[in-house]
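Working notes for the structure below.
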Amino acid sequence: MTKLPWIPSDDQWLSVLDIARREPVRNRVMLALAYDAALRREELCSLRTDDIDPAHRTLRVRAETTKNRLERVVPYSAPTGVLLTSYLAHRATISRARGPLFLSESRRNHAQPLSLWTWSKVVRRIALEAEVERFSTHTTRHLCLTDLARMGWEIHAIATFAGHRHTDSTLRYIHLSGRDLADKLNRGMQHIHAWRIQALTGEQMPTTDGAVHG
């Protein structure tokens with residue numbers, strides 16, 4: 001039997017977001033891109049400034065950074081684009097050099113590329129503070145791909161977006177999405193995807209009771 005990836009409930013997701021929204025802009029945009037573009041940890045941390053195409057809101061995931069050595073170009077949403085623009089302005093105060101997109105701001109490694117280990121520590125701290133201990137650097141990817149399956153994306157389209165060489169890996173997310181078929185009837189998944197992005201990027205969003213939270 002295929003082992004399904006763990007994904008958080010909506011309450012667990014909100015708990016993570018409550019902590020994440022207090023984070024510096026670098027960490028917030030990294031979480032937003034990790035979900036929005038379904039990026040693996042290595043893919044996210046290896047992004048370079050010239051991998052970003054703001055005009056078309058796409059990013060290039062270079063083959064050498066991927067698990068399967070397959071290059072792909074993936075889109076990101078407008079709210080993530082706004083947050084990314086804020087981060088790029090902030091990054092310019094650390095270093096104006098082109099190169100790695102995400103830089104360390106510690107005294108010891110100032111302006112050096114952010115390491116995988118450091119990003120894992122950031123996400124682990126957020127998970128513990130949110131009391132959602134199973135949340136990890138790959139949870140956002142699993143959640144995005146499951147959401148795409150819930151939205152009715154065809155399996156080959158999800159595989160291409162995810163950078164899967166074969167659809168066997170993609171089927172896990174189709175299976176996961178089946179858990180929420182009733183919810184899919186009640187709320188359009190387009191709304192769910194947009195809600196997650198708005199929450200990650202700090203935009204005001206309507207809650208299920210109709211109220212607006214900042």
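All of these numbers come straight from a predicted model, not from anything done at the bench. For the numbers below, each heavy atom of this structure counts, side chains included, while hydrogens, waters and symmetry mates do not.
- For the residue pair A38 and R141, the shortest heavy atom distance occurs at O-NH1, 2.6 Å.
- Taking CZ of R196 as the start and OG1 of T140 as the end, the distance is 11.0 Å to the nearest 0.5 Å.
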Test log, rule side-chain contact (heavy atoms from CB on, under 4.5 Å), inputs W195 and D10: CA-CA 11 Å; W195 169 73; D10 281 353; 4.2 Å; yes
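- In this structure, L17 CG and T201 OG1 are separated by 10.0 Å, a value rounded to the nearest 0.5 Å.
- Judged as a salt bridge (Lys or Arg N to Asp or Glu O under 4.0 Å), the pairs with a partner in residues 62-71 (not counting sequence neighbours) are, in order, D51-R62, R62-E64.
- Donor-acceptor pairing under 3.5 Å is lacking for the side chains of S169 and H164.
- Looking at T146, L171, L145 one by one, the single match for side chain to side chain contact (heavy atoms under 4.5 Å, CB included) with I158 turns out to be L145.
- Considering only residues two or more places apart in sequence or on other chains, E129 meets the salt bridge (Lys or Arg N to Asp or Glu O under 4.0 Å) condition with R125.
- Here the side chains of Y173 and L148 are not in contact, with every heavy-atom distance at 4.5 Å or above.
- Under a 3.5 Å cut-off, the side chain of R72 and the backbone N or O of T66 do not form any donor-acceptor pair.
- Of the candidates V82, L83, I197, I197 is the only one forming a side chain to side chain contact (heavy atoms under 4.5 Å, CB included) with S77.
- The ring pair (Phe, Tyr, Trp, His ring centres under 6.0 Å) contacts involving residues 100-120 comprise Y87-F102, where partners must be two or more places apart or lie in separate chains.
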Test side-chain contact (heavy atoms from CB on, under 4.5 Å) applied to L39 and V61, step by step: CA-CA 9 Å; L39 298 177; V61 184; 3.7 Å; yes
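- Nearest heavy atom pair, residue T80 against residue A32, reads OG1-CB, 3.9 Å.
- By the side chain to side chain contact (heavy atoms under 4.5 Å, CB included) test, P54 is found to be paired with I52, Y76, residues two or more places apart in sequence or in another chain being considered.
- Considering all non-hydrogen atoms of both residues, C144 and D36 come closest at SG-O, 4.1 Å.
- Within the structure, the salt bridge (Lys or Arg N to Asp or Glu O under 4.0 Å) test picks out no pair touching residues 76-88 (sequence neighbours left out).
- Contact between L70 and G163 at its shortest, heavy atoms only, is CD1-O, 4.0 Å.
- S106 is linked by a side chain to side chain contact (heavy atoms under 4.5 Å, CB included) to S104, R108, N109, counting only residues two or more places apart in sequence or in another chain.
- The nearest pair of heavy atoms linking D147 to Y35 is OD2-OH, 2.6 Å.
- In this structure, CZ in R22 is found 4.0 Å from CD1 in I19, a value given to the nearest 0.5 Å.
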Return a table of donor-acceptor pairs under 3.5 angstrom between the side chains of residues 24-31 and protein atoms on other chains or two or more places apart.
from: R26; atom 1: NH1; to: L103; atom 2: O; distance (Å): 3.0
from: N27; atom 1: ND2; to: E23; atom 2: OE1; distance (Å): 2.8
from: R28; atom 1: NE; to: E23; atom 2: O; distance (Å): 3.0

Stepwise side-chain contact (heavy atoms from CB on, under 4.5 Å) test for L200 and W13: CA-CA 10 Å; L200 275 168; W13 177 245; 4.0 Å; yes
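- The side-chain hydrogen bond (donor to acceptor under 3.5 Å, both in side chains) search around S115 returns T118, not counting sequence neighbours.
- Scored by the salt bridge (Lys or Arg N to Asp or Glu O under 4.0 Å) test, R41 finds no partners at all (sequence neighbours excluded).
- Here L114 contributes atom CG and L44 contributes atom CG; the two are 8.5 Å apart, rounded to the nearest 0.5 Å.
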Q12 and S9: CA distance, side-chain angles, deciding distance, side-chain contact (heavy atoms from CB on, under 4.5 Å) verdict: CA-CA 5 Å; Q12 289 171 321; S9 66; 3.3 Å; yes
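- Not a single side-chain hydrogen bond (donor to acceptor under 3.5 Å, both in side chains) links N68 to another residue, sequence neighbours left out.
- When all heavy atoms of P100 and R48 are compared, the pair lying nearest together is CD-NH1, 3.8 Å.
- Taking D53 as the reference, nothing meets the salt bridge (Lys or Arg N to Asp or Glu O under 4.0 Å) condition, with sequence neighbours excluded.
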Step-by-step ring pair (Phe, Tyr, Trp, His ring centres under 6.0 Å) determination, F135 to W6: CA-CA 8 Å; F135 191 90; W6 176 83; 7.1 Å; no
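- Distance check: L101 CG to S46 OG gives 11.0 Å after rounding to the nearest 0.5 Å.
- Hydrophobic clustering (ILVMFWY, side-chain heavy atoms < 4.5 Å, transitive): F161 and I155 are in one cluster.
- With hydrogens and angles disregarded, no donor-acceptor distance shorter than 3.5 Å links the side chain of T167 to the backbone of T170.
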With a 3.5 Å cut-off and sequence neighbours excluded, list the donor-acceptor pairs that the side chains of residues 92-99 form with protein atoms.
from: T93; atom 1: OG1; to: H90; atom 2: O; distance (Å): 2.5
from: S95; atom 1: OG; to: A97; atom 2: N; distance (Å): 3.1

